[in-house]
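Data first, discussion second: the structure below is written as structure tokens.
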Amino acid sequence: MSIILFAGPTISKAEINKRLDADVRPPAQMGDIYLAAQSGPSVIGLIDGYFQGVPSVWHKEILWAMDQGISVFGAASMGALRAAELFQFGMTGVGSIFEAYRDGSLHDDDEVAVIHGPAELGYPPLCEPMVNIRATLDKAVAQHILDDSIAARFIEIAKSTYYPNRNWECLFKKATQLDGMDAAVQAFRNWHSNNRIDQKQEDALSLLDAISKWIEKENEPARPQFTFEWTVMWDRLVKASPADHPDTVTALAVLDELRLQPHYYSQIKRRAAGRFLVSKSGEGRRQVDLVPISETLRNFREKHGLYSTQQLKSWCEKNGLDESGLRTLLEEEARIEELGRHVALKAPQFMLSELKIDGAYQTLNRRVKLKSDLDRQPDNRVENGQDSLPASAGLRLWYFETCLGDRLPESIDEHLGKIDIEEQSKFDSMLAREYSFRQSSIWDDLKAD
């Protein structure tokens, strides 16, 4: 019976092999679960995986592994996240972190995210995950070292700090700057050195125990609780070789940088739609599912500043359009919008081609590399000693007003739809990285070039 585990900073290979005979692989990224499943193991355990810099493990590849009769376990970090999202389909989640995500008491990816050193050094963690901070504070409250209100203030400090900068010394320093916290901080600091809880590691050990018990019971192969659907995006992953993954990683990161420039993103998407149509893959694709004309009209009026009926009427007169002509124009716009959305989600290579023709690809790719370099720094605090990030609402306000010179949109979901992002958490994560990037010395050097 073969077992494949993905682990890194949460628990070492040596610690795993003390308890389980397993093929221990580095933290997982997109495609790794699929490749592991091809060797036909009985069990795959997901503990650690990458959150940024490279595409994360797809839900689809975990479903595919289970569809092949492989039992998939998850805990502690990326494993807990994916298990909470897929337990209803048969993935086995283990530990308190998984349970917190499953039950909704935890939501954010940054609760388990850490930056770490290289594999050669054993993936040493360079910050403290939020779930460990919470667990340690809960223990301190239970042992009457802190009261609930002081612990809550520590939580606020930690959550407002960008996750690569979270560490106990940073939190102690910030807490002492708050009124009435000196005595509590000193007591907690003295207690903490021998009482810190590593909740992620505890959950990882629980996963090893759960797999061991599963093996002892000689369970039947996993029976999928779903019908696996083959999609276009899944087909692309299957056809890609491992050597293709670095290029895929770069491409997706470059397009995320482009999304931070929404007007330019819209231009590139429209032009990519035309490039797609003249390509071999786009030949004959003339019928697309139209977005509602009302939505197209709203976007059109906003783009041209035609907010009143009279303004729209006047614009039509100046451009020689009657009601029928305006509708034809809007239907054409709807087709372009929908085709652009198709290209952005299923054929992004055409957008990358447009960026290269424009000469913008190199600039965006440089930003990707600089941000990755910044992420690897153990202490990338912003200038003037301000190493805290604004809350999500503050980041959005900063981005729209300072970066775009625009007002905060009434509907953030509508904005995300225009740049083809489905989850607000991904957008907020992008803004957090952009904020840290612009506050760093790297940004000053970039502007000076």
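Screening residues 65-77 for salt bridge (Lys or Arg N to Asp or Glu O under 4.0 Å), with sequence neighbours left out, gives no hits. Residue pairs that meet the salt bridge (Lys or Arg N to Asp or Glu O under 4.0 Å) test with at least one member in residues 129-149, sequence neighbours left out, are Glu111-Arg134.
With rounding to the nearest 0.5 angstrom, the CD1 atom of Ile47 is 5.5 Å from the CG atom of Leu208. Separating the OH atom in Tyr123 from the OG atom in Ser12 is a distance of 11.5 Å, to the nearest 0.5 Å. In this structure, OG1 on Thr10 lies 8.5 Å from CG on Asn132, to the nearest 0.5 angstrom. We find the CD1-CD1 distance between Ile145 and Ile150 to be 13.0 Å, quoted to the nearest 0.5 Å. Note that CZ of Arg396 is 7.0 Å distant from CZ of Phe427, once rounded to the nearest 0.5 Å. In this structure, CD1 in Ile44 is found 9.5 Å from CG in Leu5, a value given to the nearest 0.5 Å.
Taking all atoms of both residues into account, the shortest heavy-atom contact from Asp48 to Gly8 is OD2-N, 2.7 Å. When all heavy atoms are compared, the tightest approach of Leu260 to Leu404 is O-CD2, 3.8 Å. Looking at every heavy atom in both residues, Pro41 comes nearest to Ser2 through CA-OG, 3.0 Å. Of all non-hydrogen atoms in His415 and Pro409, the two that sit nearest each other are CB-CG, 4.2 Å. Leu339 and Ala273 make their closest contact through CD2-O, 3.8 Å (heavy atoms, listed as atom of the first residue, atom of the second, distance). Closest approach of Cys127 to Ala113, counting heavy atoms only: SG-O, 4.4 Å.
Considering only heavy atoms from C-beta on, Val114 stays 4.5 Å or farther from Tyr163 through its side chain. Within the 4.5 Å cutoff, the side chain of Arg407 has no heavy atoms near those of the Glu401 side chain. Contact check for Val43 versus Ile70: no side-chain heavy atoms found under the 4.5 Å cut-off.
Using modelled atom types, no side-chain atom of Ser266 and backbone atom of Pro262 make a donor-acceptor pair closer than 3.5 Å. One N or O on the side chain of Ser206 and one on the backbone of Glu202 form a donor-acceptor pair closer than 3.5 Å. Within the 3.5 Å criterion, the main-chain N or O of Ala272 finds no donor-acceptor partner in the side chain of Glu354. Although no hydrogens or angles enter the test, the distance criterion places no donor-acceptor pair under 3.5 Å between the side chain of Gln29 and the main chain of Tyr50. Looking only at distances, a side-chain donor or acceptor of Arg259 sits under 3.5 Å from a matching main-chain atom of Ile419. Asp23 places no side-chain N or O within donor-acceptor distance of the main-chain N or O of Ile4, the cut-off being under 3.5 Å. Ser436 places no side-chain N or O within 3.5 Å of a backbone atom of Arg433 that could act as its donor or acceptor partner.
Taking Asp182 as the reference, nothing meets the salt bridge (Lys or Arg N to Asp or Glu O under 4.0 Å) condition, with sequence neighbours excluded. In this structure, the salt bridge (Lys or Arg N to Asp or Glu O under 4.0 Å) partners of Glu414, at least two apart in sequence or on a different chain, are Arg298. Checked against side-chain hydrogen bond (donor to acceptor under 3.5 Å, both in side chains), Glu434 has the following partners two or more places apart in sequence or in another chain: Arg367, Lys371, Arg438. Asp110 meets the salt bridge (Lys or Arg N to Asp or Glu O under 4.0 Å) test with Lys159, Arg166; sequence neighbours excluded. Take Trp168 and apply the side-chain hydrogen bond (donor to acceptor under 3.5 Å, both in side chains) test, not counting sequence neighbours, and it matches Glu128, His192. Partners of Gln201 under the side-chain hydrogen bond (donor to acceptor under 3.5 Å, both in side chains) rule, at least two apart in sequence or in another chain, do not exist in this structure. Not counting sequence neighbours, Gln88 has no partner by the side-chain hydrogen bond (donor to acceptor under 3.5 Å, both in side chains) test. Residues passing the salt bridge (Lys or Arg N to Asp or Glu O under 4.0 Å) test with Lys418, sequence neighbours excluded: Glu302.
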Let me have the donor-acceptor pairs involving side chains of residues 72-83, under 3.5 Å, with sequence neighbours excluded, atom names and distances please.
| unit_1 | atom_1 | unit_2 | atom_2 | d |
| --- | --- | --- | --- | --- |
| Ser77 | OG | Lys200 | NZ | 3.2 |
| Arg82 | NE | Val57 | O | 3.0 |
| Arg82 | NH1 | Glu85 | OE1 | 3.0 |
| Arg82 | NH2 | Val57 | O | 3.0 |

For residues 95-106, which side-chain N or O atoms pair as donor and acceptor with protein atoms under 3.5 Å away, sequence neighbours left out?
| unit_1 | atom_1 | unit_2 | atom_2 | d |
| --- | --- | --- | --- | --- |
| Ser96 | OG | Gln199 | NE2 | 2.9 |
| Tyr101 | OH | Asp108 | O | 2.7 |
| Ser105 | OG | Ala100 | O | 3.2 |

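Ring centers of Phe89 and His59: at least 6.0 Å apart, outside the cut-off.
Checking Asp428 against Gln424 by side-chain atom types alone, no donor-acceptor pair falls below 3.5 Å. A side-chain donor from one of Thr161 and Lys174 sits under 3.5 Å from a side-chain acceptor of the other. Donor-acceptor pairing under 3.5 Å is recorded for the side chains of Asp358 and Tyr264.
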request  = Show your reasoning for whether salt bridge (Lys or Arg N to Asp or Glu O under 4.0 Å) applies to Lys18 and Glu15.
outcome  = CA-CA 5 Å; Lys18 287 178 185 177; Glu15 193 67 31; 3.5 Å; yes
request  = Begin from the C-alpha positions of Val185 and Phe154 and carry the test side chain to side chain contact (heavy atoms under 4.5 Å, CB included) through to its verdict.
outcome  = CA-CA 9 Å; Val185 170; Phe154 269 104; 3.9 Å; yes
message = Pair Glu216, Lys213 - check salt bridge (Lys or Arg N to Asp or Glu O under 4.0 Å), show working.
response = CA-CA 5 Å; Glu216 289 172 4; Lys213 292 176 181 177; over 6 Å; no
request  = Go through the steps to decide whether Tyr34 and Trp58 satisfy the test side chain to side chain contact (heavy atoms under 4.5 Å, CB included), and finish with yes or no.
outcome  = CA-CA 9 Å; Tyr34 170 68; Trp58 280 11; over 6 Å; no
task = Determine, step by step, whether Leu258 and Leu355 satisfy the side chain to side chain contact (heavy atoms under 4.5 Å, CB included) criterion, reporting the C-alpha distance in whole Å, the side-chain angles of both residues, the deciding distance to 0.1 Å, and the verdict.
result = CA-CA 9 Å; Leu258 179 62; Leu355 288 173; 4.0 Å; yes
ask   = After noting the C-alpha distance and the side-chain angles of Asp21 and Ile3, does the key distance pass the side chain to side chain contact (heavy atoms under 4.5 Å, CB included) rule?
value = CA-CA 7 Å; Asp21 181 16; Ile3 303 166; over 6 Å; no
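No more than 12 heavy atoms of other residues, nucleotides or ligands sit less than 6.0 Å from atom NZ of Lys13. Atom CD of Glu410 has 12 or fewer neighbouring heavy atoms from other residues, nucleotides or ligands inside a 6.0 Å radius.
Ion pair Asp420/Lys269 flagged as a salt bridge, since at least one NZ, NE, NH1 or NH2 atom sits closer than 4.0 Å to an Asp/Glu carboxylate oxygen. Taking a cutoff of 4.0 Å between a charged side-chain nitrogen and a carboxylate oxygen, Arg153 and Glu156 do not qualify as a salt bridge.
Among Trp398, Tyr399, Trp443, the one residue that satisfies the ring pair (Phe, Tyr, Trp, His ring centres under 6.0 Å) test with Tyr435 is Trp398.
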